[in-house]
Amino acid sequence: MSSAELSESPSRLAVGQAGRILLLEGEDLLREMLALALKEQGYEVVVTSDGRNALPSVQASSSYHGEGSFNLLIMDSINGLDLCRMLRHQGNPVPILIIGARGSANNCAFYLEAGSDDYLTKPFGMREFIARCRALMRRQRLGRLPEPRTLQYKSITLYPEECRVLVRGLEVKFSPKQFRLLELFMSYPRRVWSRDQLLEKIWGQDFIGDSKTVDVHIRWLREKLEVDPGQPEYIITVRGFGYRFG
């Protein structure tokens, strides 16, 4: 691959004028080549080889925040999977291009299902790489960025992207499991959830423990949400089935 392949591309812009890109690639030589090609096209490029260092940068410059945000994330398949899933779970809509090694034909579908917007298999031409980057950022510009999602029910307001909850106008702190449980309840008001369903959704299929874990967390939620936890208004026990919200 060579940046010479781009000699017939449109006139180039000053660095940073075309957009801001995070490049996460473990191979040193490939990372340097991709960064150089992008900078030659006018993009500001932030490079890293470690997925653990990339997440704070992306979260701190969420595309909701406007100036200083990333317009595109380019990640290798080794480092990118967990990051991709986490960002999508947090509601971050930034376009993601995964670069993967030649392998199973199912790789592309696997990463697209995880939340990436495109998948490029090595080896690839630099012109194709730049074209895909442009297409993803063009799609982002044309599409309307969603407003941060807010869940509201009576006197409870939950802000998923901020991990924040207001109860009767006051901010209340929740543990990660409590927050995710409340978010699930508020996303599906009046739906009845069994203990097993809640364990699978919040604790995961590999959870080893007693279903009474759910009952304990429900009690903690009620203590923080209800005026009278003994007479709950929000989290209702449906005898013989499980729990519902509202």
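Just so it is clear, the values below take in all heavy atoms, side chains as well, and ignore hydrogens, waters and symmetry mates. This structure is a prediction, so every number in the text was calculated from the model and none was measured. Heads up: numbering here begins at 1 and tracks the sequence.
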Carboxylate-amine/guanidinium proximity below 4.0 Å for R31 and E27: no
Backbone N/O of L199 and side chain of Q197: donor-acceptor pair under 3.5 Å: no
Go through the structure and list residues passing side-chain hydrogen bond (donor to acceptor under 3.5 Å, both in side chains) with E25, not counting sequence neighbours. none
With sequence neighbours left out, write down each residue that passes side-chain hydrogen bond (donor to acceptor under 3.5 Å, both in side chains) with R164, or none if nothing qualifies. E162
Would you call R149 and E183 a salt bridge, taking side-chain N to carboxylate O under 4.0 Å as the test? yes
May I have the step-by-step check of side-chain contact (heavy atoms from CB on, under 4.5 Å) for Y234 and L221, ending in yes or no? CA-CA 10 Å; Y234 297 107; L221 279 181; over 6 Å; no
Under the side chain to side chain contact (heavy atoms under 4.5 Å, CB included) test, which residues partner R195, sequence neighbours left out? S211, V214, D215, Y243
Sequence neighbours left out, what passes side-chain hydrogen bond (donor to acceptor under 3.5 Å, both in side chains) with R88? Give chain and number order. D117
Please check if the side chain of E226 supplies one atom and the backbone of E233 the other of a donor-acceptor pair under 3.5 Å. yes
So, do K122 and L30 sit near enough that their side-chain heavy atoms are less than 4.5 Å apart? yes
For R132, all residues meeting salt bridge (charged side-chain N to carboxylate O under 4.0 Å, His left out), sequence neighbours excluded: D118, E128
Taken in chain and number order and not counting sequence neighbours, the residues that satisfy salt bridge (charged side-chain N to carboxylate O under 4.0 Å, His left out) with E200 are none
Report the C-alpha distance between I156 and F245 in whole Å, list the side-chain angles of each, state the deciding distance to 0.1 Å, and finish with yes or no for side-chain contact (heavy atoms from CB on, under 4.5 Å). CA-CA 12 Å; I156 300 176; F245 186 85; 4.2 Å; yes
Given side-chain contact (heavy atoms from CB on, under 4.5 Å), test I96 with F70 step by step and report yes or no. CA-CA 10 Å; I96 296 175; F70 289 110; over 6 Å; no
